[in-house]
**Q** 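Take a look at this one; I'll ask things after.
This structure is a prediction, so every number in the text was calculated from the model and none was measured.
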Amino acid sequence: MVSEVLFDRYSRQIFIDEIGIAGQRKIASAKILVIGAGGLGCPVIQYLAAAGVGTMGVADFDKVELHNLNRQIIHKEQAIGFPKVKSVQQEVGQLNSRVNLIPIEDKVRVDNVTKLISGYDIIIDGSDNFDTRYLVNDACVELRKPLVYGSVLAFEGQLAVFNYKGSKHLRHIFPEMPGAEETLTCDGKGVLGPLPGIVGAMMAMQALKILVGLPVDVNQLTVIDTFHWHFSVVTF
């Protein structure tokens, strides 16, 4: 049985019929890799740590900057100038000391992506550039890893679960990476702080549902328009 302290901590999850003690054990034994400790990665990491995910790798090579703080709310002013993965490790340690947080202060590259993701059950892509997104997607396809994907820009976000139990992946909806002239980023277009919180929380929800064996929608892209407050689904 789960110890009294652990039961109390996760009781509001355990009380859900579809999760229960068996589901909580699955969460506790899971290994998840979060790519990016920025706007999307921060809420994903916080919610998965709070839920009791046993092992969480976080890959990011950036340092905390002042302009990050409007949306990357796991980081504090005192962390400015420090590696994001170290900031995350400290904050997760205070949130849930039972989580084995593995900081990976490195850029995801062609020569290391296979090694980075091979030891994890689920990959969560919270990166902010198409090079990394396509690289991670292709590696997940090769290694048969489920991928939870998200992106944000200004008022709009996107969310999908790729490569899960034989489902389609990123290249099925966007076969080729867009050119540099077509690419918009948060550095140029901006992003309103709560948006990555909304999308990141949804990404964490999908990851937890996968972990406990609950159904998730695949072969579709959810588009979140927070300016008009409109949610739509694109099937592919």
**Q** Using atom types as modelled and distance alone, determine if a side-chain donor or acceptor of N112 lies under 3.5 Å from a backbone N or O of K107.
**A** yes

**Q** I'd like to know if the side chain of E105 and the backbone of P83 have a donor-acceptor N/O pair within less than 3.5 Å.
**A**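 Pair absent, no side-chain N/O of E105 close to backbone of P83.
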
**Q** Would you call the rings of F231 and W229 parallel, tilted or perpendicular, where under 30° means parallel and over 60° means perpendicular?
**A** perpendicular

**Q** If we ignore hydrogens and angles and just use 3.5 Å, is the side chain of S167 paired with the main-chain N or O of N163 as donor and acceptor?
**A** yes

**Q** Hey, does M203 have a side-chain heavy atom less than 4.5 Å from the side chain of D125?
**A** no

**Q** Quick test of your reading of the model: are R171 and D138 salt-bridged, counting only N-O distances below 4.0 Å?
**A**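 Looking at D138 together with R171, the answer is yes, because their closest N to O distance falls below 4.0 Å.
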
**Q** Applying the side chain to side chain donor-acceptor pair (under 3.5 Å) criterion to S87, which one of K63, H75, Q72 satisfies it?
**A**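 That would be H75.
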
**Q** Using the six-membered ring wherever Trp is involved, compare the ring planes of Y149 and F162 and label them parallel, tilted or perpendicular (cut-offs 30° and 60°).
**A**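 Y149 vs F162 ring planes: tilted.
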
**Q** So, H228 side chain and D225 main chain: donor-acceptor pair closer than 3.5 Å or not?
**A**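 Absent.
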
**Q** Within 45° of the ring axis of F15 and under 6.0 Å from its six-membered ring centre, is that where the NZ or CZ of R12 lies?
**A**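 No, R12 does not lie over the aromatic ring of F15.
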
**Q** Would you call K76 and E91 a salt bridge, taking side-chain N to carboxylate O under 4.0 Å as the test?
**A**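 Salt bridge between K76 and E91, a charged N being under 4.0 Å from a carboxylate O: yes.
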
**Q** Indicate yes or no: at least one non-hydrogen side-chain atom of N137 is less than 4.5 angstrom from one of R133.
**A** no

**Q** Should L135 and V108 count as side-chain neighbours, where that means a heavy-atom distance under 4.5 Å?
**A**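 In contact.
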
**Q** Look at the side chain of D121 and the backbone N and O of I32, then say whether any donor-acceptor pair between them is shorter than 3.5 Å.
**A**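 Not confirmed, D121 side chain does not pair with I32 backbone.
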
**Q** Is a side-chain N or O of T226 found less than 3.5 angstrom from the main chain of F155, in a donor-acceptor match?
**A**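 Yes, because the side chain of T226 sits within donor-acceptor range (under 3.5 Å) of the backbone of F155.
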
**Q** Using a 3.5 Å distance criterion without hydrogens, assess whether the side chain of N100 forms a donor-acceptor pair with backbone atoms of G54.
**A**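 It does not hold such a pair.
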
